Q: 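A single structure is presented below for examination.
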Amino acid sequence: MSEDPLDPALVPPAEPSTRRARLHPAPASRRVLLGALAGGAVAVAGGGYAAHHGSSGTAPTGLAGPAPATVPGRGAPAGAGPASRVAAPSPAPAASPSPSASAAPRPRPRAATPITPPPASVKTYPPTGQGVAGGAPPPLAHVVPTQARTILPLDQSAHLVRRATWGVVPADLAAAKSLGADAWLTRQLSTTAPSEPVLGPVLAAFTTLGKTSAQVRAMTDGSDDDYFMAHGELELAAIARAMWSNRQLYEVLVDFFHSRVHVPVYTDKSRFTLTSYDATVVRRYALGSYADMVWASVTHPAMLSYLDNTENTRWGGNQNLGRELLELHTVGVDAGYTQADVEAAATLLTGVGVDDATLTMRYTPSDHATGAVTVMGVRYPNSSAADGLTTLRTLITNLTHNRHTAISLATDLARRFVSDAPPGPLVARLAQIYLNTGTAITPMVRALFGSAEFAASVGAKYRRPLENFVATARALGVAPNGPVSDTVSSLDWMRWEMYNLGQNPLGHNAPDGHPDFARPWLSTSGTLGRWNLAMVLSGGWATGFTPPAVATWLAPTKTFGEAVDAIASATLHQPLTADMRSAVLGFLGKAAGTTMRSWEKTGYQLVAQVPAIIASGPHLQVR
Amino acid sequence: MTTRPLPLRSAEPTPAGRPAPTLTCPDCAPTPDPWRAGFTRRRVLQGSAAMVAALGLQTVTSRYSFAAGGEPARGTLVVIQLRGGWDTLSIVVPTADPLYYDLRPGIGIPASQTLALDRSFGLHPALTRMKALYDQGTFAPVLAAGTPDATLSHFEAMDTVERGTATGMNVSGWMNRALEARGATALLSAVQIGSQISLSLTGEAPALVVDSLEDYGIVGYDDLQTQAMAAIRSLYAAEDNAVADQARRTLDSIDLAAQIRTDEPAGSGYPDGAFGQGMSDLARIIKADVGLTMATIDIGGWDMHTNVGTVDWGDMQAQLSDLDAGLGAFVDDLGPAFGRVTVALVSEFGRSILQNGTWGCDHGHGQTMWVLGGGVVGGQVYGTWPGLAEADRFTNDSLAATTDYRDVLGELLVKHVGLGSLSTVFPDHTVTPLGLARSL
């Protein structure tokens with residue numbers, strides 16, 4: 001078919017391969033056993049297991065349990081964060097490189113066949129793209145979505161801010177209303193970083209950010225204090241950015257892509273290289289081209305180590321990366337690829353490894369398996385080991401420009417920003433835009449937020465633990481408090497709370513990233529955990545975070561009814577229903593019209609417990 | 001006695017200069033190892049959507065009832081997961097095997113100091129309560145158990161043990177699949193003692209995570225907790241969706257925990273620390289008879305590359321003292337309820353037979369599992385000893401496994417927990433019972 005996006009004539013020319021001199025023989029094995037796990041010392045690689053920091057007699061106090069009278073922090077589980085390392089904010093800027101749009105304009109393929117979603121009878125539904133691990137997300141929706149009943153207001157401006165940020169704050173609401181949605185989105189999607197007066201000093205405390213992998217190793221190796229120190233800084237930085245960055249949509253997209261081309265923390269395989277991966281793969285291309293991101297990912301030491309491509313040579317193959325490249329990063333499990341396609345992709349990946357001395361990618365031609373292979377119907381002669389990277393680049397270009405990849409990525413974006421069961425027609429339109437723009441990301445995002453399907457999805461997404469925590473923090477106006485070291489300690493505490501709830505930012509212990517639909521996250525312990533965190537924030541128990549400014553909210557109020565209304569308005573930006581208002585007044589044991597005495601106005605019940613109750617209610621659980 | 005070890009694949013590259021265990025055809029092309037497949041990705045068998053379960057936290061669906069109390073379990077299975085790879089050669093000591101003493105000159109447990117189980121094996125002397133239970137016939141060790149996965153990586157091995165299958169059903173843990181097979185849906189059918197649910201208990205069937213029974217509740221409302229809960233319940237009263245259902249269930253669980261605290265005071269005699277406290281909480285939940293079917297608790301600290309020690313020095317004797325005291329107090333606390341409780345202990349692997357240069361041992365494979373309970377046919381040593389001679393060893397000079405760990409767990413699931421079939425719990429293994437359990 002002349003319009004076939006897989007037609008090699010439509011593929012933009014690959015960039016010249018990076019040839020590296022062969023310096024050393026490839027290492028025999030890079031599998032590093034976790035020698036540091038002695039006596040409950042360190043968080044277990046791959047995350048997900050509380051034992052090594054939780055069960056050897058020094059159990060930190062989690063919140064699905066005890067009621068700390070003062071701030072307990074998390075009693076230094078081994079692998080504790082950088083608090084002990086932070087003396088004063090480092091003068092060196094720790095900001096990650098600004099993301100750039102696609103580097104050079106590339107010739108665009110002719111418009112591909114319009115994407116139509118497969119009919120419901122096709123057997124490939126339901127699992128698509130990222131959803132395979134841990135259970136299948138709901139399938140694409142084939143009915144025109146109508147607005148379901150929701151506790152949230154249907155105001156479109158608020159809906160946009162709620163979905164496009166980590167949580168609603170008054171400044172964003174005001175800006176979206178005054179600028180209008182398009183202009184506000186343009187500002188959010190700008191590749192020019194705004195100033196970060198709140199976030200900047202916090203990020204400056206994390207000294208590994210922005211460093212190369214070799215530099216990170218020099219800074220952290222040999223330290224028994226904190227075996228995964230660089231990973232910890234990444235996680236704390238991610239939480240801080242979500243809480244306080246002025247480029248909220250960008251940070252949401254960074255989180256999204258960290259799940260899409262996922263390399264987790266707390267594994268030896270990425271111990272020194274994840275810092276660079278975060279900066280040069282995800283953060284660099286989140287507003288750019290997906291083809292660029294996948295190329296950067298598949299040639300980055302973190303991904304190469306994590307998915308064992310360092311052991312993928314002509315002398316003994318390893319299909320791990322080859323498989324996940326197809327299954328998770330590009331075309332997705334519904335694309336109909338076979339085991340032969342996986343082996344072919346793995347063959348083209350042979351010889352792509354990591355130079356241990358510099359922790360950079362090193363291609364070793366003598367490790368490359370030559371010979372023609374076919375991946376998803378496209379034949380690669382692969383006759384020259386010296387040109388192996390060029391061949392690989394062609395593969396990545398073809399795969400990222402494949403219509404199945406378009407659908408897979410569009411589905412994931414729609415699942416993040418619209419609903420668990422993304423609307424099929426929207427996915428089709430977004431996929432088409434992806435192909436028309438040569439895999440650009442931001443046009444899809446803009447089209448998504450401008451769609452009727454998006455407009456009809458108010459309240460359709462359940463907030464996962466990290467999303468709920470950050471949204472609650474933003475609703476309560478939480479800001480850094482006191483010396484930066486205190487804020488870092490509080491962030492570290494929150495990191496372990498997120499770990500317990502299963503969503504520390506980079507922590508999903510499989511290559512498919514955190515599941516992005518409600519069912520895996522709905523749990524009793526998860527619910528109790530978030531209610532407890534609401535109290536921690538509301539009560540100001542984390543000394544590095546400010547408590548909510550309830551005194552300011554209550555300043556103009558006189559009666560208990562007005563007080564409850566003021567707290568609800570400041571945190572939820574909507575009034576409580578009459579029944580809910582009565583419930584809160586019932587907790588206070590007061591009638592709405594009763595005047596507050598001055599000590600009641602500043603008492604713990606009104607200042608901490610009421611905001612926590614409201615934050616535990618239904619409003620902040622959905623977005 | 002030498003017995004051929006299970007046909008296990010060696011996935012771990014061997015250090016240069018040592019012959020690889022030739023368990024598969026050396027000339028054959030590497031075949032995809034299903035057990036390797038399990039740890040880096042989850043695969044859903046196309047069309048098997050019915051058995052797909054969620055990874056991560058426990059889930060709830062509208063299929064399950066929210067009634068507290070539920071049906072009483074036929075028996076309660078408690079799985080204690082030892083994290084780090086316990087060195088069972090120091091725990092259930094092969095006293096009659098001279099090679100053991102040859103290969104562990106600095107850390108061998110003298111035979112005369114062990115607590116003899118039979119002519120060939122003795123317990124580490126710290127295990128006095130376990131010895132008493134053995135003599136009473138309620139405790140039994142199972143020699144040389146293992147998984148089909150030869151990995152020496154903690155993460156990979158734990159993944160394998162906890163998933164219990166290499167098929168597409170490995171999106172969930174084996175304990176959770178057992179809960180589903182049992183149809184156990186009560187509010188407290190399953191509990192994770194600790195702060196984060198373990199993989200083995202992850203899946204469709206709901207489970208509670210209880211870090212501390214005394215403190216289970218919402219923090220910060222002090223003496224207004226009941227009023228706060230009432231207010232939160234009211235906030236969700238008009239909501240009719242999964243989020244609100246979960247909120248109501250959570251409030252119910254807090255009420256249930258409060259009821260258990262009232263009805264079942266804490267026992268005494270537990271050692272200080274997380275394990276003792278956790279077993280005390282677990283005993284209260286069991287005695288409250290609220291339908292607990294499966295429970296699990298972790299103990300860390302077993303990864304003894306250094307300083308494993310012997311009788312009165314080193315890390316092992318300290319760990320075993322805590323373990324012995326905690327289990328002893330637990331059995332005492334349960335009293336007659338012990339009759340329907342079974343405790344199984346398993347780690348991700350055992351350790352090398354050889355002593356290393358730092359008075360410890362490196363990772364290995366075969367381990368000795370423990371089972372204790374009112375329905376256990378105890379007082380004897382189960383399993384087949386593979387031997388310590390070089391020809392009998394497995395990867396990294398460790399004990400070969402002669403019993404699949406699922407044979408132990410499967411028999412307990414059938415005879416004690418009351419499962420009719422294990423086909424959904426261990427779909428790629430046919431369980432051969434050892435005869436270590438009586439039907440309850």
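Note on naming: letters A, B, ... go to the chains in the order of the sequence lines (proteins, then strands), and numbering restarts at 1 for each one. These figures come from a predicted structure and were not determined experimentally.
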Q: Closest approach of B:Leu235 and A:Val584, non-hydrogen atoms and distance?
A: CD2-CG2, 4.4 Å

Q: What closest approach, in Å, do A:Gln609 and B:Asp222 show between heavy atoms, and which atom pair accounts for it?
A: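 Closest heavy-atom pair between A:Gln609 and B:Asp222: NE2-OD2, 4.3 Å.
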
Q: Which heavy atom of A:Ser616 sits nearest a heavy atom of B:Tyr221, and at what distance?
A: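 A:Ser616 and B:Tyr221 have their closest heavy atoms at OG-OH, 4.5 Å.
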
Q: Can you tell which of B:Ser253, B:Ser234, B:Gly85, B:Ala247 has the highest number of heavy-atom pairs within less than 4.5 Å of chain A?
A: B:Ala247

Q: Hey, does A:Arg149 have a side-chain heavy atom less than 4.5 Å from the side chain of B:Asn241?
A: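 A side-chain contact is absent here, since even the closest heavy-atom pair is not under 4.5 Å.
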
Q: Any donor and acceptor pair, going by atom type alone, linking the side chain of B:Gln246 with main-chain N or O of A:Thr524 inside 3.5 Å?
A: yes

Q: Is B:Gln227 reaching over with its side chain to a backbone N or O of A:Gly586, donor-acceptor style, under 3.5 angstrom?
A: no

Q: Between A:Ala583, A:Gly617, A:Pro618, which has the largest tally of heavy atom pairs under 4.5 Å with chain B?
A: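 Winner by heavy-atom pair count: A:Pro618.
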
Q: Going from CZ on B:Arg249 to CG on A:Leu522, what distance comes out if it is rounded to the nearest 0.5 angstrom?
A: 11.5 Å

Q: Between B:Val243 and A:Gln621, which heavy-atom pair has the shortest distance, and what is it?
A: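 In terms of heavy atoms, the two residues are closest at CG1-CB, 3.9 Å.
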
Q: Is B:Ala228 in contact with chain A via its backbone, its side chain, both, or neither, using a 4.5 Å heavy-atom distance?
A: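 The answer is both parts of B:Ala228.
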
Q: With only heavy atoms counted, which part of A:Gln503 is less than 4.5 Å from chain B, the side chain, the backbone, both or neither?
A: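 Answer is neither: A:Gln503 stays 4.5 Å or more from chain B.
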
Q: If you compare all heavy atoms of A:Ser523 against all heavy atoms of B:Thr250, which two are closest, and at what distance to 0.1 Å?
A: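 Reported closest heavy-atom pair: O-OG1, 4.4 Å.
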
Q: For B:Val219 and A:Asn532, which heavy atoms make the closest approach, and how far apart are they?
A: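 Nearest heavy atoms, B:Val219 then A:Asn532: N-OD1, 2.6 Å.
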
Q: Name the region of B:Ile193, side chain, backbone, both or neither, that has any atom closer than 4.5 Å to a heavy atom of chain A.
A: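 Contact with chain A involves no heavy atom of B:Ile193 at all.
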
Q: At a 4.5 Å cut-off on heavy atoms, which part of A:Met535 comes close to chain B: side chain, backbone, both, or neither?
A: side chain

Q: Pick one of side chain, backbone, both or neither for A:Ala612, based on which atoms fall under 4.5 Å of a heavy atom in chain B.
A: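 Answer is both: backbone and side chain atoms of A:Ala612 are under 4.5 Å from chain B.
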
Q: Quick one: pull up CG in A:Leu528 and CG in B:Leu251 and give me the separation to the nearest 0.5 Å.
A: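 The CG atom of A:Leu528 sits 9.0 Å away from the CG atom of B:Leu251.
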
